[in-house]
J.: 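Take a look at the following structure, please.
Remember, it's a predicted structure, so these values are computed and weren't measured experimentally.
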Amino acid sequence: MADLSELVKAYDVRGVVPDQWDEALAELFGAAFVQVTGADAIVVGHDMRPSSPGLARAFGRGATGQGADVTEIGLCSTDQLYFASGELDLPGAMFTASHNPARYNGIKMCRAGAAPVGQDTGLSEIRALVERWSEEGGAPRTDKPEGTLAQRDMLADYAAYLRSLVDLAAIRPLKVVVDAGNGMGGHTVPTVFEGLPLELDALYFELDGTFPNHEANPLDPKNIVDLQSRVRETGADIGLAFDGDADRCFVVDEKGDPVSPSAITALVASRELAKEPGSSVIHNLITSWSVPEVVKENGGTPVRTRVGHSFIKEEMAKTGAIFGGEHSAHYYFRDFWNADTGMLAALHVLAALGGQDGTLSELVARYDRYAASGEINSTVDDQTGRLAAVRAAYADRDDAELDELDGLTVTGADWWFNLRPSNTEPLLRLNIEARDAGTVARLRDEVLGLVRA
């Protein structure tokens, strides 16, 4: 049995199949999930990885063994599972390893209404039960009658709900290239786009959890090369790339150039604030300065949080925010149970682009105002020590302010950088933004010199 402290990471459980993950372990998690949530019924979905159907069914067996009724929605994206959890008002479990390589699999779990299950909201209790039951040889029997198992296809309902939130009926026709990376976007995009004035050019829509063309991780530039080439070759208006479980969406413009997720956050925020002026918009601390600027310009209140979905969702619930965005291309909507959905963000971008005559690069230029480094990872033996060294180097500078909301953020008059440790790897992650590229380069060399000393 694998060390569960290594498998449980922030909001999901993941590991290598079959060395760490197997169906016996998944069954224990299903039983523990019911025990901790107290659910009488749950909904379960899975992605296209070869191991996903078996793991999902085993999780369901564990749940029914504890007396809960299980609705299986089968193949789905993670945001489709969140839709099912919200629409049916049931706790949910999604079997996926998101953008990770084929040998991995995992679970993303939520409470009814797509509310998050994190370390402080049930995940640690689930882990403790599974660890104990692993040692005892299985989950205890319950006096409740065994739960039922039913199948339900919710793809059409999911697509209809998303289209009800964004009006695309009057947009000009657009040519759209979509790279699904052999992930769940190949399952959801055709149904969501059906009937819209969009000419769809589909790349790698065949569902294949071995990812034969490239990893389904658009955050890595090498995985959007094919998308960029196709957009340029065909003269498309826009390119979209989804990750493996299709809850994140990355955008390239008509030139094939990537559009910053911060610019997408600002664009979508302006559209959501037009519907409800004065609302709050959540952004994590590594999004561009342009995000809070645009929010204020559109009459909203920007709220800054730590990086990570649990912090975004917690702050959205607390403030009643209409929208939230992260620089990792996670986009959260109050109208979607505060959950993240890249598909809904994509529809907003298509509506904004198709509602005017200009190009996408012209449209997003007003939201992309600064030079940025992108995320730079450094492998270090001592995260705490290296972080302290950087803090000491900037602590006494008159031209810089420090805060430690998440790692270390140092802010100057026309620049900032954030250095924060990874929770799952021996890495420090550096993000820099400034008014010009030269300042970004200078700060990059300066900070990395301290980090990698």
J.: Identify whether the distance between the nearest side-chain nitrogen and carboxylate oxygen of Asp340 and Lys313 falls below 4.0 Å.
T.: yes
J.: Are Pro302 and Lys296 close enough that some pair of their side-chain heavy atoms sits under 4.5 Å apart?
T.: yes
J.: Without swapping roles, check the side chain of Thr148 against the backbone of Asp69 for a donor-acceptor pair under 3.5 Å.
T.: no
J.: With under 30° as parallel and over 60° as perpendicular, where do the rings of Phe83 and Tyr158 fit, or are they tilted in between?
T.: perpendicular
J.: Without hydrogens or angle criteria, can the side chains of Glu215 and Asn223 be said to hold a donor-acceptor pair below 3.5 Å?
T.: no
J.: Any chance you could measure Asn431, atom CG, to Trp416, atom CH2, to the nearest 0.5 Å?
T.: 5.5 Å
J.: Do Thr188 and Phe242 have side chains that approach each other closer than 4.5 Å (heavy atoms only, starting at C-beta)?
T.: no
J.: Can you see which heavy atom on Gly342 is nearest to which on Cys249, and at what distance?
T.: O-CB, 3.5 Å
J.: Regarding Ser52 and Asn105, is there a side-chain donor-to-acceptor distance under 3.5 Å anywhere?
T.: yes
J.: Closer than 3.5 angstrom, by distance alone: can the side chain of Asn298 be matched with the main-chain N or O of Val294 as a donor-acceptor pair?
T.: yes
J.: Heavy atoms only: give me the nearest Ser262-Val291 pair and the separation to one decimal.
T.: O-CG2, 3.4 Å
J.: Angle between ring planes, Phe336 versus Tyr161, binned at 30° and 60°: parallel, tilted or perpendicular?
T.: tilted
J.: Does any non-hydrogen side-chain atom of Thr359 lie less than 4.5 Å from one of Asp253?
T.: no
J.: Is a donor on one side and an acceptor on the other found under 3.5 Å between the side chain of Thr265 and the backbone of Gly325?
T.: no
J.: If the test is side-chain hydrogen bond (donor to acceptor under 3.5 Å, both in side chains), which one of Asp226, Asn182, Asp179 qualifies with Tyr204?
T.: Asp226
J.: Would you say the side-chain atoms of Arg306 pair up with the backbone N or O of Leu285, donor to acceptor, closer than 3.5 Å?
T.: no
J.: Less than 4.5 Å apart, any side-chain heavy atom of Ile238 and any of Leu350?
T.: yes
J.: Is there a side-chain contact between Trp21 and Leu55, using heavy atoms and a 4.5 Å cut-off?
T.: yes
J.: Which heavy atom of Gly355 sits nearest to which heavy atom of Ile171, and what is that distance?
T.: N-CG2, 4.2 Å
J.: When Arg248 is tested against each of Thr78, Thr341, Leu219 for side chain to side chain contact (heavy atoms under 4.5 Å, CB included), which residue passes?
T.: Leu219
J.: State the CG-CD distance between Asn418 and Glu433, to the nearest 0.5 angstrom.
T.: 12.0 Å
J.: Mind checking the CD-CZ spacing from Glu293 to Arg369? Nearest 0.5 Å is all I need.
T.: 5.0 Å
J.: Answer yes or no: is there a side-chain heavy-atom contact under 4.5 Å between Leu353 and Gln356?
T.: yes
J.: If I compare all heavy atoms of Ala26 with all of Ala58, which pair ends up nearest, and what's the gap?
T.: CB-CB, 4.1 Å
J.: For the backbone of Ser361 and the side chain of Glu254, can you confirm whether one donor and one acceptor N or O come within less than 3.5 Å of each other?
T.: yes
J.: For side-chain contact (heavy atoms from CB on, under 4.5 Å), just list the numbers for Thr409 and Arg304, CA-CA rounded to whole Å, side-chain angles, deciding distance to a tenth of an Å, and then say yes or no.
T.: CA-CA 12 Å; Thr409 301; Arg304 180 173 176 262; 3.6 Å; yes
J.: Between Arg49 and Thr96, is there a donor-acceptor pair closer than 3.5 Å when you use the side chain of the first and the backbone of the second?
T.: no
J.: Would you say the side-chain atoms of Gln383 pair up with the backbone N or O of Leu427, donor to acceptor, closer than 3.5 Å?
T.: yes
J.: For the pair Arg420 and Glu375, find out whether any cationic side-chain nitrogen is under 4.0 Å from an anionic carboxylate oxygen.
T.: yes
J.: Atom CG of residue position Asp40 - does it have more than 12 heavy atoms of other residues, nucleotides or ligands inside 6.0 Å?
T.: no
J.: Is it true that a side-chain atom of Ser85 and a backbone atom of Leu90 form a donor plus acceptor pair closer than 3.5 Å?
T.: yes
J.: Hey, can you tell me if His348 and Phe333 have their rings parallel, tilted or perpendicular (30° and 60° cut-offs)?
T.: parallel
J.: Under 3.5 Å, is there a donor-acceptor pair between the Arg111 and Thr37 side chains?
T.: no
J.: Quick check: does any side chain N or O of Trp337 sit under 3.5 Å from a backbone N or O of Ala114, one acting as donor and the other as acceptor?
T.: no
J.: Taking atom CG of Leu28 and atom CZ of Arg61, what is their separation to the nearest 0.5 Å?
T.: 11.0 Å
J.: For Cys76 and Met94, run side-chain contact (heavy atoms from CB on, under 4.5 Å): C-alpha distance rounded to whole Å, both residues' side-chain angles, the deciding distance at 0.1 Å, then the answer.
T.: CA-CA 8 Å; Cys76 65; Met94 173 68 185; 3.6 Å; yes
J.: Determine yes or no for a side-chain-to-main-chain donor-acceptor pair under 3.5 angstrom, with Asp237 supplying the side chain and Lys175 the backbone.
T.: yes
J.: Under 3.5 Å, which donor-acceptor pairs do the side chains of residues 273-283 form with other protein atoms, sequence neighbours left out?
T.:
residue : atom : partner : partner atom : Å
Lys275  : NZ   : Glu272  : OE1          : 2.7
Glu276  : OE1  : Arg334  : NH2          : 2.5
Glu276  : OE2  : Ser279  : OG           : 3.1
Glu276  : OE2  : Arg334  : NH1          : 3.2
Glu276  : OE2  : Arg334  : NH2          : 3.0
Ser279  : OG   : Glu276  : O            : 2.9
His283  : ND1  : Thr287  : OG1          : 3.1

J.: Going through the distances and angles, do Val166 and Arg271 end up as a side-chain contact (heavy atoms from CB on, under 4.5 Å)?
T.: CA-CA 10 Å; Val166 183; Arg271 290 177 51 82; 3.8 Å; yes
J.: Could you measure the distance from the OG atom of Ser260 to the CG atom of Leu267? Nearest 0.5 Å is fine.
T.: 11.5 Å
J.: List the steps and the verdict of salt bridge (charged side-chain N to carboxylate O under 4.0 Å, His left out) for Arg152 and Glu87.
T.: CA-CA 13 Å; Arg152 180 169 177 175; Glu87 183 72 10; over 6 Å; no
J.: Which pair of heavy atoms, one from Pro50 and one from Pro53, lies closest together, and at what distance?
T.: O-CD, 3.6 Å
J.: Work out which heavy atom in Val231 is nearest to a heavy atom in Gly256; give both atom names and the distance.
T.: CG1-N, 4.1 Å
J.: Looking at Glu135 and Arg132, does any basic side-chain N land under 4.0 Å from a carboxylate oxygen?
T.: no
J.: Under the rule for side chain to side chain contact (heavy atoms under 4.5 Å, CB included), what residues qualify as partners of Gln228, not counting sequence neighbours?
T.: Ile224, Val225, Arg232, Val252, Pro258
J.: Less than 4.5 Å apart, any side-chain heavy atom of Phe311 and any of Val307?
T.: no
J.: Report the C-alpha separation of Arg429 and Ser422 in whole Å, then their side-chain angles, then the decisive distance to 0.1 Å, and conclude whether the side-chain contact (heavy atoms from CB on, under 4.5 Å) test is met.
T.: CA-CA 7 Å; Arg429 306 188 188 279; Ser422 167; 3.3 Å; yes
J.: Starting from the C-alpha separation in whole Å, work towards a yes-or-no answer on side chain to side chain donor-acceptor pair (under 3.5 Å) for Asn100 and Ser98.
T.: CA-CA 6 Å; Asn100 287 289; Ser98 185; 5.6 Å; no
J.: What's the separation between atom CG in Leu344 and atom CG in Asp79, rounded to the nearest 0.5 Å?
T.: 8.5 Å
J.: So Lys108 and Leu81, do their side chains get closer than 4.5 Å, heavy atoms only?
T.: no
